[in-house]
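Worksheet: the structure to be examined is printed underneath.
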Amino acid sequence: TCALRSKQWYQRRVRGSHLAVGWQHTHSRPRWALWHAFRSHKGYFMGGFQGGVPAALKTYATCPLHLLIYTSLQHVLHDHTPLKTAVPNACVSATFSSLSVILLTNPLDLVCTRMYNQKRNAYYSNVRECVQLTLEREGWRGFWKGTTANFLRTAPHMIITIYTWDWLRRRGLELQMMETDMGDS
């Protein structure tokens, strides 16, 4: 079948190589990258959205989990540690919530990256096949490749994003309290 053919092609392609993902794009300009993404695959429109399903799965799993862990950690740190001020509390909470979320969602991120970094259906025809081949070739530890780089990329972003969200939320509550006080007068 198609899955067996792509698996055999993948094994021939990667034989002797230690890299799990093998297609490097050679675009000279961003507009050419977009042009080739949409034009070179079957169906002009769908070529640009290759790997969209694993990206959506990762986003759906990550966002609520990150906010839940962040808020819980923030309350624990405020109640049981000397971190009462907003900035240190937000930084520590965002860092630890990023770490826990990355450990939980790195397999989805790995699958998403591998689906993106291939020519259309060259290595994996679907998410299930990507997971299956990764498990066969690299074992369970293969799903956590790149965790350190992912954390170093995500933690600063999350500290800024979550602190901004928290500051805007607190500012909104302050404005709401001021409006209530002004309405009572």
Side-chain angles (χ1 to χ4, degrees), residues 14 17-27 29-30 33-34 37 48-118 123-124 126-135 137-176:
V14 187
S17 170
H18 297 291
L19 297 175
V21 179
W23 186 259
Q24 299 299 314
H25 302 281
T26 55
H27 303 295
R29 298 195 173 162
L34 285 172
F49 297 98
Q50 177 178 328
V53 171
L57 288 173
K58 179 184 171 267
T59 302
Y60 293 145
T62 303
C63 289
L65 186 63
H66 201 288
L67 289 175
L68 175 70
I69 293 171
Y70 170 78
T71 307
S72 301
L73 278 172
Q74 193 175 35
H75 290 300
V76 167
L77 288 173
H78 187 271
D79 294 342
H80 302 292
T81 66
L83 293 173
K84 306 270 186 233
T85 57
V87 176
N89 191 331
C91 289
V92 172
S93 299
T95 301
F96 281 104
S97 64
S98 293
L99 180 62
S100 57
V101 167
I102 286 169
L103 289 174
L104 292 171
T105 61
N106 202 71
L108 293 171
D109 197 33
L110 180 110
V111 170
C112 180
T113 302
R114 289 188 180 183
M115 293 297 286
Y116 277 132
N117 288 339
Q118 69 171 345
Y123 301 119
Y124 316 106
N126 56 36
V127 174
R128 192 169 100 226
E129 183 181 3
C130 181
V131 169
Q132 190 175 15
L133 287 175
T134 302
L135 188 60
R137 292 195 80 244
E138 302 166 43
W140 286 104
R141 291 178 58 190
F143 288 105
W144 281 273
K145 278 186 174 181
T147 302
T148 304
N150 197 359
F151 175 72
L152 293 175
R153 174 183 60 88
T154 305
H157 165 72
M158 281 299 139
I159 289 170
I160 293 168
T161 303
I162 297 273
Y163 178 72
T164 304
W165 169 76
D166 193 42
W167 182 82
L168 289 171
R169 184 181 58 83
R170 279 186 283 111
R171 184 70 180 137
L173 289 173
E174 289 172 8
L175 290 174
Q176 189 177 24

Worksheet item: Could you give the distance from CG (N126) to CD (Q132), rounded to the nearest 0.5 Å?
Response: 9.0 Å
Worksheet item: When you look at CZ of R128, are more than 12 heavy atoms from neighbouring residues, nucleotides or ligands closer to it than 6.0 Å?
Response: no
Item to complete: Can you tell me which residue pairs pass the salt bridge (charged side-chain N to carboxylate O under 4.0 Å, His left out) test with a partner in residues 85-105, sequence neighbours excluded?
Response: none
Discussion item. If we ignore hydrogens and angles and just use 3.5 Å, is the side chain of W144 paired with the main-chain N or O of L103 as donor and acceptor?
Written reply: yes
Pair up each side-chain donor or acceptor in residues 154-161 with any protein partner under 3.5 Å, not counting sequence neighbours, and list the distances.
residue : atom : partner : partner atom : Å
T154    : OG1  : N150    : O            : 2.7
T154    : OG1  : N150    : OD1          : 3.1
T161    : OG1  : H157    : O            : 2.8

Fill in: All salt bridge (Lys or Arg N to Asp or Glu O under 4.0 Å) counterparts of R169, not counting sequence neighbours
D166
Worksheet item: Does a sphere of radius 6.0 Å around CH2 in W165 hold more than 12 heavy atoms from other residues, nucleotides or ligands, not counting ones at 6.0 Å or beyond?
Response: yes
Practice prompt. Flag the pair V111 / T134 as yes when at least one side-chain heavy-atom distance between them is below 4.5 Å, and no otherwise.
Written response: no
Return all side-chain donor-acceptor pairs below 3.5 angstrom for residues 90-97, not counting sequence neighbours, or 'none' if the list is empty.
residue : atom : partner : partner atom : Å
S93     : OG   : Q74     : N            : 3.4
S93     : OG   : N89     : O            : 2.8
S93     : OG   : N89     : OD1          : 3.0
T95     : OG1  : C91     : O            : 2.7
S97     : OG   : S93     : O            : 2.9
S97     : OG   : A94     : O            : 3.1

Fill in: Shortest non-hydrogen contact between L135 and F143, atoms and distance
CD1-CE1, 3.9 Å
Response to the item:
By side-chain hydrogen bond (donor to acceptor under 3.5 Å, both in side chains), T105 pairs with (sequence neighbours left out) none
Worksheet, complete the sentence: Quick note, salt bridge (charged side-chain N to carboxylate O under 4.0 Å, His left out) partners involving residues 148-164, not counting sequence neighbours, are D109-R153
Practice prompt. Mark yes when over 12 heavy atoms from residues, nucleotides or ligands other than Q176 sit less than 6.0 Å from its CD; otherwise mark no.
Written response: no
Item to complete: Specify the closest pair of heavy atoms between K145 and N106, including all atoms of both residues, with the distance to one decimal.
Response: O-ND2, 3.2 Å
Practice prompt. Working to the nearest 0.5 Å, report the span between CD1 of I69 and CG of L104.
Written response: 6.0 Å
